[in-house]
Amino acid sequence: MLRSTLLKLSQSKRFANWVTSNSKTRTMARRFVAGESLDEALAAARVCNDQGMLVSLDYLGENVSSTADAQHARDAYLEVFEKIAEQKLHANVSCKLTALGMDLSTDFCEGLLHSIVERAATTDNFLRVDMEGSLYTQRTIDLVKRVRSQSPAIGTVIQAYLYRSEQDVQDLLSYGCRIRLCKGAYKEAAEVAFEKKADVDASYIRLMRLLLPSGFYHGIATHDPHMIGATIRCAAENQISKDDFEFQMLYGVRVDLQKRLVRDGYRVRVYIPYGNDWFPYFMRRLAERPANVGFFIRNFFR
Ligand SMILES: Cc1cc2nc3c(=O)[nH]c(=O)nc-3n(C[C@H](O)[C@H](O)[C@H](O)COP(=O)(O)OP(=O)(O)OC[C@H]3O[C@@H](n4cnc5c(N)ncnc54)[C@H](O)[C@@H]3O)c2cc1C
């Protein structure tokens, strides 16, 4: 119920204006967002690298309504790849197709995506296309496959809560595509997605068991100790080396677990979001964990 309300609120312009113009809520968002500028994100990435973690930098933005905004996002992504190379950071980049104009025109979006993946390839790097609501799943997969046929420097994300995901995993693996597996963060109808946590978790483990032995390098994105335990067991059973996959976690979430996995010799990548357009991302993080809302309210009235 609370998750549903927060995800609905994440689409409210009025609530967004209030949250993003309030100095207290802006400060609170910093728990999950590295900052509004690229320099702040690069500094956060350096700290993670110094602690033995890899990074994925995400310039926040989604559902842009003009081609100029989409081109601005493209330019921001091109710049990130340059800075990563310049500063020799162990980082790749994550982006959302609706930030590149997917709602406006698929062809236009594809053109921008191509130029970003080319930059990823020339800087010996990698672009991960995040997965958004189920309205975009097929288009995202189709676009990633088309761009990937020109350059392997691109991969995408599969959400365990969608019924269709097993087929999508098989399809993407047949192209050798690198996949990030996550549970799924959007509000979905019962017609397309599991509703119960136990069903989502069971699906996650089934998909992880397909990915790990596939011979390609995948990202297991979760903070759930049960999913992490199952992944570690699956790797041991199949004699998969700790270097052949990575755990991925969000900036500001379960930092203790991130550090413990690094200490145990696992590869850990921290997803670091930055930029002005942090409101929907912040709301999804609140929705994931009811305790975050309590924390938010307590701090607001303090
Ligand atoms: C690197 C990365 C990339 C992602 N990319 C996408 C994407 O492209 N598309 C998409 O739909 N979703 C994405 N997600 C979000 C994901 O789908 C889940 O919503 C999110 O990770 C929570 O699920 P969980 O696996 O951590 O398990 P859960 O069962 O939700 O949580 C397990 C435990 O983790 C901790 N935890 C989880 N979330 C939070 C939080 N926000 N704040 C504090 N503690 C928390 C809590 O201790 C909780 O008990 C991504 C997640 C990660 C880590």
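Values below: every heavy atom of this structure, side chains too, minus hydrogens, waters and symmetry copies. Order of listing sets the numbers, starting from 1, for every ligand and every atom in it.
- Distances shorter than 4.0 angstrom occur between a heavy atom of Lys197 and an atom of ligand 1.
- For Ser115, the side-chain hydrogen bond (donor to acceptor under 3.5 Å, both in side chains) criterion is met by no residue, not counting sequence neighbours.
- When heavy-atom distances to ligand 1 are checked against a 4.0 Å cut-off, Arg31 comes that close only through its side chain, counted from C-beta outward.
- The heavy atom nearest to atom 18 (C) of ligand 1, considering only Arg128, Glu288, Met227, is found in Glu288.
- Arg284 does not count as a contact of ligand 1, since none of its heavy atoms falls under 4.0 Å from the ligand.
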Atom pairs and distances, donor-acceptor, side-chain atoms in residues 177-187, under 3.5 Å, two or more places apart:
unit_1 : atom_1 : unit_2 : atom_2 : d
Arg178 : NE     : Tyr217 : O      : 3.4
Arg180 : NE     : Gln248 : OE1    : 2.7
Arg180 : NH1    : Asp130 : OD1    : 2.8
Arg180 : NH2    : Ser94  : OG     : 3.0
Lys183 : NZ     : Asp201 : OD1    : 2.9
Lys183 : NZ     : Asp224 : OD2    : 2.7
Lys187 : NZ     : Ser4   : OG     : 3.1

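- Counting non-hydrogen atoms of neighbouring residues, nucleotides and ligands closer than 6.0 angstrom, the CD atom of Glu86 exceeds 12 such neighbours.
- Among protein heavy atoms, atom 44 (N) of ligand 1 sits closest to Arg289 CD, 3.1 Å.
- The side chain of Val253, and not its backbone, has at least one atom closer than 4.0 Å to an atom of ligand 1 (non-hydrogen atoms only; side chain from C-beta on).
- Looking only at heavy atoms of the protein, atom 28 (P) of ligand 1 is closest to Lys183 NZ, 3.6 Å.
- Protein heavy atoms are found less than 4.0 angstrom from atom 24 (P) of ligand 1.
- Contacts between Gln159 and ligand 1, counted as non-hydrogen atom pairs separated by less than 4.0 Å, involve the side chain only.
- In this structure, atom 31 (O) of ligand 1 has its sub-4.0 angstrom surroundings free of protein heavy atoms.
- With a 4.0 Å heavy-atom cut-off, ligand 1 is reached by the side chain of Val157 but not by its N, CA, C or O.
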